[in-house]
Amino acid sequence: GVGEGYGTPESIEAERNAYDSADAFALGNTEYAAGRLEGARQRYLEAVRFSPTHSFAWANLGNVQRELRDMSAAVESHRTAVSLLPTRARHWYNLGVSLYSSRSNLNQAVDAFESALKLNGAMGNAQYNLGVALAELGRHADAKQRYIEAAKLEPNTMVGFGARCNLCNLLASSDGLAAQAQCLRSLLDDAPLYERAMVNLAGTLQTLAEAGKSVVRSETAKLAAMAGYDQRNKLAAMAAPRDAEGEGEGEGQQPPSEEAEEDLSDQATALAVAAAAEVAGALTPTALLKEARRLYRRALEVNPSSALAGHALAALEASLSKEADSRDKNSKEKGKERGKEKAGKERGKEKGRSRRGAAKKGTSAVPVEASAEYVGALFDSYASEFDASLASLGYQVPRLVSQAVSAVLTARARGKLGDGEELGSEELGLAVDLGCGTGLCGPWLKSYARKLIGVDLSSRMLEVAAARVLNDPQVERLAGRPPGKLVKGQAKASRAGIAPKGRDASSAAPGGEGGSAAQGGYAYDELRLADMGAALLDLDKGAADLVIAADAFCYLGDLDRLFSAAAHALSPGGLLAFTAEALEQVLDQESTQSAETNSAVGSLGAMEKAKGDAPDPLLSPGWRLGPSGRYQHSRAYLTGLATQHGFVALAELSSKVGPNGEQQGLVTARRRHADPEADPVKAHLLVLTYRP
């Protein structure tokens, strides 16, 4: 009964390898459970080396590699696991997760999730993640169905709650903000401690408040018209309890019959719209903001360390304080109009003193900058749709910064600035892109610099930036076509662990082995997951010739540390170019004339300190956290910091002309909403040179 080959050296070695593989696999599981990822990776590698057909070891190895952000290796490990055991649904699911996380091919991720579900349709996680991938591909109807299936399979788990939350968010584009809000409220009824739903609902209410009362009324009326007159009480419950007896939600309400649905007349529809408009009238912007504040506070009670809720609440508190000040001023004016000048004046003074005192006491609660956790979490969740979203908002910052820097470099190379600097554009060595995001500024920056470093706090944004090529059509749409190459030679890339599809940490920069000849190569030589100021201080003193911050200062209030770091990193004559969202409250107090701003380049020292009335004490030190969670800065503050740290202004790009024909120093960065009629966001755009 002894099998053929029993006891041969080959069989003994195979048996020994099987035991060793099993031991290594078990040790890997122990290391992973203890949170020692590198140790787990080594043990799983041993397991597959001893037994290359151990599909579970390959699968676990891929999971660890994914957590260690070694995405290309994770995908290959999971492909191996699937090839060894294609009938296991979990192997296909893991492959789908790694494909999705690597951003290498969303369609292949969809195929992997669908393969898993063919083998096991009851996998809630697979339904959920398939919905996420489909949504990113723009297949919203399919994504909604997958979210519904996930919620059915796991109605009382985080998977089910997450699926419902994602479904609510998709409603914003298809059915409107009011429908999204109603959906999130329903979710919170079932999951009152679900932090993500609280934060999302608060953000939706803020968006409604910012859009204005007419939009609130329109959105709610539209929802009522679609739902029918029988939904009036539900809509009313969104705003506030109704006072009329017998009209509470739920009791006594019967769904209309099919016949009644068919016979719904135009008059009934009009009544539904009118009822919704009445409800929407109660949803004033102030009421919406106060409810949003309550939701953020609840979220922080559930999770005191929530970076998203904490920063959003601080921004909202600042907005509500500003609105209270505005109401006080209006009240004072009305008192004067009624002939009660003296009484109104005294009341206004008292209220003003009270408000200012409260604001000063609360100043410490306003963070001087957004936390790294907040920025990282915000943009990690936004990375996949970032470029498309900016295109819909008419985003212009990369193009405007490019134009301003190009004009300065050209003028300097031709000796037209008169600043005594001989540095020409072809001599730029190192350029640093602060808050580089997905790399929209990378291609044109690389046209001027021998080496380009990108810095950001979002690992997901950096993964997109790592794949950015020089001839990227998306960059041409948002930033314009990069100028011709002005430098010779390329630096080798040091990726710091950030790599796109087909490119690892040792890939070459544009023109090297890692670049695509057809696409002109990759834009960035190095990407760093770091704070902007810390990244500059890590450079040798005077190492950089150009530092840009395109739409990055909006996540910092106090810029003193950043200017100091830029002074450390820049060589004498080096350039600092940046945009800063304009502090709207003081625009009328500033005179921002500059010379030759139509061509983006003014003479040295042409931009003097802002003149006019003394700034409001509440605005000093020159920045404010806005309701959007972004910081705004006054021009006087920016130019004052520049002078303090040894910078001299060379250029100020402007797209706004004052009543007397003067340039007012502002550019249109983007719109507030995707609607082409939405109000623009104005920003300062300055190009400075370092003169220690």
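Counting begins at 1 with the first residue of the sequence. Note that these values count all heavy atoms, side chains included, but never hydrogens, waters or copies made by symmetry.
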*Taking it one step at a time, do Tyr296 and Gln206 satisfy side-chain hydrogen bond (donor to acceptor under 3.5 Å, both in side chains)?*
CA-CA 11 Å; Tyr296 285 135; Gln206 281 187 271; 2.6 Å; yes

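- Rounded to the nearest 0.5 Å, atoms CZ (Phe113) and CZ (Arg146) are 11.5 Å apart.
- Of the N and O atoms on the side chains of Thr438 and Arg468, at least one donor lies less than 3.5 Å from an acceptor on the other residue.
- Remark: Arg41 engages Asp70 in a salt bridge, criterion side-chain N to carboxylate O under 4.0 Å.
- Using a cutoff of 4.0 Å between basic side-chain nitrogens and carboxylate oxygens, Asp433 and Arg528 are not scored as salt-bridged.
- Salt-bridge check for Glu38 with Arg36: failed, with every basic side-chain N at 4.0 Å or more from each acidic carboxylate O.
- Ring geometry for Phe25 against Tyr44 counts as tilted: the plane angle lies between 30° and 60°, on a 0 to 90° scale.
- With respect to the salt-bridge test (charged N to carboxylate O, under 4.0 angstrom), the residues Arg43 and Glu46 qualify.
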*Show the numbers, then the answer: is there a side-chain hydrogen bond (donor to acceptor under 3.5 Å, both in side chains) between Arg66 and Ser98?*
CA-CA 7 Å; Arg66 183 174 66 242; Ser98 288; 2.8 Å; yes

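- Under the side-chain contact (heavy atoms from CB on, under 4.5 Å) test applied with Leu137, the options Asp142, Asn107, Val132 reduce to a single match, Asn107.
- Taking the charged nitrogens against the carboxylate oxygens, Asp190 and Arg164 do have a contact shorter than 4.0 Å, which makes a salt bridge.
- Taking the six-membered ring where the residue is Trp, the centroids of Phe161 and Tyr128 are separated by 6.0 Å or more.
- We find that Glu463 and Arg460 are joined by a salt bridge, their nearest charged nitrogen and carboxylate oxygen being less than 4.0 Å apart.
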